[in-house]
Asker: 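Let me give you the structure first, and then I'll get to my questions.
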Amino acid sequence: MPHPDDLLTASDAARLLEMSRDNVLRLIRRGVLPVAAKTAGARAINLLRRAEVVALAERRREARP
């Protein structure tokens with residue numbers, strides 16, 4: 001069973017949110033999804049907490065007509 005503190009990539013989050021990876025990256029830039037950690041290196045990867053992604057998915061579902 002997934003743990004709420006599991007870290008997800010933007011691609012993982014995109015699958016949970018049913019949107020594109022680019023849209024997830026936009027949400028990160030706008031501060032809607034907080035970055036929990038970043039990998040080191042020139043091509044750093046944003047890591048997101050599963051609980052934050054799931055909470056956003058629930059808010060999006062509730063907002064749908």
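No hydrogens, no waters, no symmetry mates; every other heavy atom, side chains included, goes into these values.
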Asker: Among all residues two or more places apart in sequence or in another chain, which pass the salt bridge (Lys or Arg N to Asp or Glu O under 4.0 Å) test with Arg15?
Answerer: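 With sequence neighbours excluded, Arg15 shows a salt bridge (Lys or Arg N to Asp or Glu O under 4.0 Å) to Asp12, given in chain and number order.
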Asker: Can you name the residues that form a side-chain contact (heavy atoms from CB on, under 4.5 Å) with Glu58, not counting sequence neighbours?
Answerer: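 If we apply the side-chain contact (heavy atoms from CB on, under 4.5 Å) test to Glu58, skipping adjacent residues, the hits are Val54, Arg61.
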Asker: Provide the closest heavy-atom pair for Arg21 versus Ala10 in the form atom of the first, atom of the second, distance.
Answerer: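 Minimum heavy-atom separation between Arg21 and Ala10: CG-CB, 4.0 Å.
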Asker: What pairs of residues pass the side-chain hydrogen bond (donor to acceptor under 3.5 Å, both in side chains) test when at least one of them lies in residues 42-52, not counting sequence neighbours?
Answerer: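 For residues 42-52, and leaving out neighbouring residues, there are no side-chain hydrogen bond (donor to acceptor under 3.5 Å, both in side chains) pairs at all.
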Asker: For residues 26-35, which residue pairs pass the salt bridge (Lys or Arg N to Asp or Glu O under 4.0 Å) check, not counting sequence neighbours?
Answerer: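 Every candidate salt bridge (Lys or Arg N to Asp or Glu O under 4.0 Å) pair involving residues 26-35 fails, so no pair, neighbours aside, qualifies.
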Asker: Which ILVMFWY residues can you reach from Leu25 by hopping between side chains whose heavy atoms are under 4.5 Å apart?
Answerer: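 Leu25 shares its hydrophobic cluster with Leu8, Leu16, Leu17, Met19, Val24, Leu27, Ile28, Val32, Leu33, Val35, Leu48, Val53, Leu56.
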Asker: Can you list, by chain and residue number, the hydrophobic cluster partners of Leu47 when the side-chain cut-off is 4.5 Å?
Answerer: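 Hydrophobic cluster check, Leu47: joined to Leu7, Ile45.
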